[in-house]
Every structure is written in C-alpha cells, then in structure tokens.
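Read through the structure below, which is laid out as structure tokens, and then see the notes.
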Amino acid sequence: MAEPLVDRFQRPLRDLRISVTDRCNFRCTYCMPKEVFGANYAFMERSELLSFEEITRLARIFRGLGVEKVRLTGGEPTLRRDLDILVRMLAEIPGLDLTLTTNGSTLESQAAPLAAAGLKRITVSLDSLDDEVFGKMNDVEFKVARVLAGIEAASAAGLRPVKLNCVVKRSVNLGGVLDLAAHFRGTGHVMRFIEFMDVGNTNGWRMDEVVPSRELIAKIGAAWPIEPVDANYPGEVAERWRFKDGAGEIGFISSVTQAFCRTCNRARLSANGRLFTCLFGVHGTDLRGPARAGVSDAQLAEVVSNAWRARDDRYSELRTAQTAGLPKIEMSFIGG
Ligand code: SAM
Ligand code: SF4
Ligand code: SF4
C-alpha cells in the first residue's frame, strides 16, 4: 500500500468490527434493556442484512486500506445462521487477524466448527459467576455454567487464550469482581473489566454506576499483587496487568475515565452495511447502497477512505453528563 490511510488526527485505520446481526438472546441492562428491546422492537429484516458475500467483499476492501484485524460482533453474532461459513470466507483473506465476541450462550456446540473454519481467537462476555447476578445483568434464565462450558469448549478447540469481558456496574456486579479474577487466574485466559459506558440512548447510564479501573486495580491488587505490562501494539484499548506470582494476565478497559480516542484506529460496520467511525456516531456512511448498485471495489474503497479521512471523532474525550444525552447509535447495532 502506498500511503497509510489516516484521519484528521493522523490515526490509521487498522481495526474493523463487523456486526453480523442486531439481534440478541440476552437483554443486558447496559446494552439492550428489555424495557426498550421488547417484543415490539423493530429489528432489521433479513433483506437489510449484508450477505456473507457482501461482508467478505467489504472486508477485502478494508484489508486493502490497511485493516489488520476484523472482529465479528453484534448483537449476538452466533445467532447469525451458518456463521462458520462466513468465518471460512473471511479466513481466506491474507493477513487478516480474525476474531469474534460472543455472550458464550451457544459456544459449547459452536466453538469447534468456528475454530475449524479458521477463527483464531475469541472474546466471551461474562459479567458474573453468580447465577442471580448474571441473570440481573442480562435477563436470561439459564445458568452461568452454560457460558463456562462454552469457554471450555473454545479453549479445547484451540481458541486460546480466551479473553473474558465483564462490564462492571457498581450497584449490580462489583461484588463479584474478585470471584471472576480468582476463577480465571492461572488458567491462561485473560479476564478484562470494562467501565460501563453511555453507549446508545437507552441504557440509563449514570456516572455513579461506573467503577473506575483504578478502583478495580486497587481492589484486585490488594488480593493478589499485580504489575502493569507494556501494550502489545499502539492503540490497544485494554490496559494489561499481570499477577506478580506468575498466575497470568488481567486487563482493564477504561473507556470512561481514561479515554483512548487519541489512538483510536477502529471502524465499525453495522449489519445493514453502514460504516461508523466512532462508537458514538449517529449517521454512518452507507456502503450497502453503492455495493448493491454495482459500484467497483475501487469506488467503494474511495467512499471508505473519504469517510476515514474526514473523521475527527473523540467523543470519549469530550464526554460529560450532558453529552450522554445526545443521540447515538445503539451498541447492539454496531457492536461493542
Ligand atoms: N453479544 C456479544 C457479547 O455480548 O459479547 C457481542 C456484542 S456486545 C455489544 C460487545 C461487547 O460490548 C460486550 O463485551 C459487552 O459487554 C460490551 N458492552 C455492551 N454494552 C456496553 C456498555 N454500555 N458499556 C461497556 N461495554 C459494553
Ligand atoms: Fe446481547 Fe452482547 Fe448486548 Fe448483552 S452485550 S445485550 S449479549 S449484544
Ligand atoms: Fe474511538 Fe469514538 Fe471511542 Fe473515542 S469515543 S475511542 S473516537 S470509538
């Protein structure tokens, strides 16, 4: 590639999250609260979704513009039928690091086919080990054991180390943070704690529910001494720490208290083919329309490049109680 594609703040486009569905079998309070995403909620029609061929074509175009990593997400990506076929198609793109974020509910049966199709790594969301708190966070009836079995299946299928994501809400699951850290210590998997963000317009975000990473670092560090580790690459969002006794790594994602807009190199593609250059975007740029109208790969690449070059997003640096009320796109629409 001749010139790296950079935005107005010289940030390169390296990372793409592709949402393959806006639907989910969970109703996490912080993402798709059941009061809003109920029986009458208008999810996308099947015809609106990008086909596997359209997703793969766009992923190749993004790769050509410098994207190194693609993460499949949603909604819940494992609800998209034949997901392993999509993974197989994407795995053929040279030089692409392909990964997936899931709530783990169907992973026990899907991990092996996904790994066989070429998935390299996986992130599983898990907010608590306690069935009652787990249910309070995501409104599902089944037990945590099902997600733990999925994590085991992923590990057995070679998707190691598994990364675990826990969104911490002060009034709900803060009390279970040490249990989570203890459970995954020494397993080779990496537990990461995420500050509760004001994504979308419906999750009732309040700063007093956010637990700053520094508070968690102190809490976990008091139980088992930990020390910081250098980032793997520029723009890595999780702050890496390790247990001093050699029991592995742990991570903290401080999207609220330590905004990382300065190094943000991530674009998002919604399930209906809109490109968002920020998690807190509103409109996005339509790629499905031109793709279906028959424009060339070069023309689509131009649309993406123009959107990225024009980008000046830095929402998290500017966040206040007032900005939390501004209209934004829902997390389940563009993926976390
Ligand atoms: N359904 C999949 C899952 O839950 O892993 C993938 C999509 S989900 C939107 C991606 C990630 O975003 C999850 O790890 C989730 O915990 C995180 N997330 C969702 N809402 C969030 C919020 N309000 N603040 C911080 N993280 C959030
Ligand atoms: Fe579904 Fe994931 Fe959102 Fe939870 S965080 S509601 S599992 S999309
Ligand atoms: Fe990137 Fe937008 Fe998040 Fe800042 S607020 S880190 S620009 S996605």
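One-based numbering along the sequence shown.
Shown here for C166 and L180, the closest heavy-atom pair between the two residues is SG-CD1, 3.7 Å.
Using a 4.5 Å cut-off between side-chain heavy atoms of Ile, Leu, Val, Met, Phe, Trp and Tyr, with links allowed through other members, M197 and Y30 fall into the same hydrophobic cluster. Under a hydrophobic-cluster definition in which Ile, Leu, Val, Met, Phe, Trp and Tyr are linked whenever side-chain heavy atoms come within less than 4.5 Å, directly or via other members, W308 and L300 are assigned to the same cluster. By the criterion of side-chain heavy atoms lying less than 4.5 angstrom apart, applied directly or through intervening Ile, Leu, Val, Met, Phe, Trp or Tyr residues, V190 is not grouped with I151; the two fall into different hydrophobic clusters. Following chains of ILVMFWY side-chain contacts shorter than 4.5 Å, one cannot reach F43 starting from L50, and the two form parts of different hydrophobic clusters. Hydrophobic clustering (side-chain heavy atoms under 4.5 Å, transitive across Ile, Leu, Val, Met, Phe, Trp, Tyr) groups I85 together with I122.
Counting heavy atoms from C-beta on, the side chains of F62 and L275 come closer than 4.5 Å. Here the side chains of L107 and V124 are in contact, with some heavy-atom distance below 4.5 Å.
For R262, the CZ atom is loosely surrounded, since the number of other residues' heavy atoms within 6.0 Å does not exceed 12. Annotation for E132: atom CD does not count as buried by contact number, only 12 or fewer foreign heavy atoms lying within 6.0 Å. Counting heavy-atom neighbours within 6.0 Å of K136 NZ, excluding the residue itself, gives a total of 12 or less.
Between the CD1 atom in I194 and the OG atom in S125 there is a gap of 6.5 Å [rounded to 0.5 Å].
For D297, the salt bridge (charged side-chain N to carboxylate O under 4.0 Å, His left out) partners two or more places apart in sequence, or in a different chain, are R57. For R192, there are no salt bridge (charged side-chain N to carboxylate O under 4.0 Å, His left out) partners, not counting sequence neighbours. Remark: E236 pairs with N232 by the side chain to side chain donor-acceptor pair (under 3.5 Å) rule, at least two apart or across chains.
The pair D15-R266 meets the salt-bridge criterion, since a charged nitrogen lies less than 4.0 angstrom from a carboxylate oxygen. Between R23 and E76 there is no salt bridge, since none of the side-chain N atoms of the basic residue sits less than 4.0 Å from a carboxylate O of the acidic one.
Sorted by first and then second residue, the side chain to side chain donor-acceptor pair (under 3.5 Å) pairs involving residues 248-257 (not counting sequence neighbours) are E195-T257, S213-S254, R240-E249. The side chain to side chain donor-acceptor pair (under 3.5 Å) contacts involving residues 168-180 comprise T29-K169, R170-E215, S171-E209, where partners must be two or more places apart or lie in separate chains.
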Check the pair T123, R71 against side-chain hydrogen bond (donor to acceptor under 3.5 Å, both in side chains), reporting the backbone distance first and the verdict last.
CA-CA 10 Å; T123 300; R71 177 177 296 278; 3.0 Å; yes
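The backbone N or O of S155 lies less than 3.5 Å from a partner atom in the side chain of R160, making a donor-acceptor pair.
Between S105 and N25, the side chains place a donor N or O and an acceptor N or O closer than 3.5 Å (distance only, hydrogens not considered).
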Donor-acceptor pairs are to be reported for all side-chain atoms of residues 287-295 against protein atoms at under 3.5 Å, with residues two or more places apart or in another chain.
residue, atom, partner, partner atom, Å
R288, NH1, E48, O, 2.6
R292, NE, E54, OE2, 2.7
R292, NH1, S47, O, 3.1
R292, NH2, L49, O, 3.1
R292, NH2, E54, OE1, 3.0

